Enquirer: 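Okay, handing you the structure first.
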Amino acid sequence: MELPDLEGRKAIIGVYLKKVKCDKIDVDVVARATAGSSGAELTNIVNEAALRAVRMRRSKVTTADLEESVETVIADVQKKGKVISDEEKKIVSHHEIGHALVAALQNHSVPVHKITIFPRTSGALGYTMQVDKGEQVLMNCEDLFNRIATLTEGPGGRGSGAWVCHDRCFERHRAGHLPLPWLLVMV
């Protein structure tokens, strides 16, 4: 069985939203964020949104509940107890900003919807979420190149993180704290 297209996802989400109390929901935003999701995953997203609303002591599901639930089902649950240092947060934020900048600089890249540096139970320390404006079935060469460039942060790969590390390592070398061979390995 094929996965539902944009209109199919809207219809499936609409069916399951009828079973929960909800405010006015922007189904289009949720459906666009769930490209490639099955009906079962969409059901899980609506159920997770209802649970989130209850945890937040609200009687109705909101669009924000659904958006967070999309992230929970696709990227896994936030690790709220995970302690990462300020230095690690800085590195992760530079890394995610690198993805967003590359996406923004592309002519036909999918727009960035959200950037987060909250760790997830899947092991991700953060991610950049892109949501297409519509349904894309085929990709031309430029679209494919843009997608690859965004995922790898450009032709150099790990661009912003490498710049941060390179600068810091070079400063440590100049201060005499890092031998030259180590600096060359890190660059």
Side-chain angles (χ1 to χ4, degrees), residues 1-82 92-93 95-140 143-144 146-153:
M1 179 177 273
E2 285 189 30
L3 294 173
D5 63 1
L6 181 61
E7 292 306 315
R9 291 191 306 275
K10 286 180 188 179
I12 292 168
I13 293 167
V15 166
Y16 287 105
L17 282 175
K18 289 178 184 173
K19 298 178 181 184
V20 298
K21 291 182 181 177
C22 57
D23 286 337
K24 185 170 174 17
I25 302 291
D26 189 348
V27 178
D28 185 61
V29 169
V30 180
R32 285 187 295 116
T34 55
S37 296
S38 66
E41 289 170 320
L42 297 171
T43 304
N44 289 343
I45 288 167
V46 174
N47 289 339
E48 185 64 38
L51 291 171
R52 184 176 189 271
V54 169
R55 282 192 297 266
M56 304 290 276
R57 302 196 191 294
R58 285 186 276 105
S59 61
K60 293 183 177 181
V61 172
T62 64
T63 301
D65 292 325
L66 285 163
E67 287 182 305
E68 180 61 34
S69 297
V70 167
E71 294 177 53
T72 300
V73 170
I74 292 172
D76 228 338
V77 180
Q78 283 185 13
K79 272 185 153 178
K80 294 185 179 174
K82 173 105 173 145
V92 173
S93 64
H95 177 83
E96 296 308 329
I97 290 285
H99 289 297
L101 284 173
V102 171
L105 294 172
Q106 302 297 326
N107 289 332
H108 301 288
S109 184
V110 176
V112 173
H113 181 70
K114 180 179 183 178
I115 303 168
T116 181
I117 60 167
F118 289 115
R120 298 279 171 165
T121 54
S122 64
L125 296 176
Y127 63 90
T128 302
M129 181 184 213
Q130 293 176 271
V131 176
D132 214 334
K133 292 177 182 158
E135 195 79 76
Q136 186 174 7
V137 179
L138 297 174
M139 295 177 84
N140 62 31
D143 292 338
L144 186 59
N146 288 344
R147 182 72 52 94
I148 292 169
T150 301
L151 291 172
T152 61
E153 287 190 61

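Keep in mind it's a predicted model, so treat the numbers as computed, not measured.
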Enquirer: Among residues at least two apart in sequence or on other chains, which ones pass side chain to side chain donor-acceptor pair (under 3.5 Å) with R57?
Expert: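 Testing R57 for side chain to side chain donor-acceptor pair (under 3.5 Å), a comparison that skips the adjacent residues, returns none.
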Enquirer: Would you say the side chain of R58 lies within less than 4.5 Å of the side chain of D65, judging by non-hydrogen atoms?
Expert: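 Touching, per the 4.5 Å side-chain cut-off.
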Enquirer: For residues 24-41, which residue pairs qualify under salt bridge (charged side-chain N to carboxylate O under 4.0 Å, His left out), counting only residues two or more places apart or in two chains?
Expert: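 For residues 24-41, and leaving out neighbouring residues, the salt bridge (charged side-chain N to carboxylate O under 4.0 Å, His left out) pairs sorted by first residue read K10-D28, D28-R32.
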Enquirer: Could you grab the distance from atom CG of L17 to atom CD1 of I25, nearest 0.5 Å is fine?
Expert: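 Reported value, rounded in 0.5 Å steps: 6.0 Å.
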Enquirer: Who are the side chain to side chain contact (heavy atoms under 4.5 Å, CB included) partners of I12, not counting sequence neighbours?
Expert: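 I12 satisfies side chain to side chain contact (heavy atoms under 4.5 Å, CB included) with P4, Y16, L42 only.
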Enquirer: Search all heavy atoms of A50 against all heavy atoms of V20 and return the closest pair with its distance.
Expert: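 Where A50 meets V20 most closely, the heavy atoms are CB-CG1, 4.1 Å.
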Enquirer: Do you know which two heavy atoms are closest between E48 and S69, and how far apart they sit?
Expert: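 That closest heavy-atom pairing would be C-OG, 3.3 Å.
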Enquirer: Working to the nearest 0.5 angstrom, can you tell me the gap between T62 OG1 and L66 CG?
Expert: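 Reported value, rounded in 0.5 Å steps: 7.0 Å.
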Enquirer: Drop me the distance from I45's CD1 to E71's CD, to the nearest 0.5 angstrom.
Expert: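 So the CD1 of I45 and the CD of E71 are separated by 10.5 Å.
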Enquirer: Between A100 and V112, what is the shortest heavy-atom contact and its length?
Expert: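 For A100 versus V112, the nearest heavy atoms are CA-CG2, 4.0 Å.
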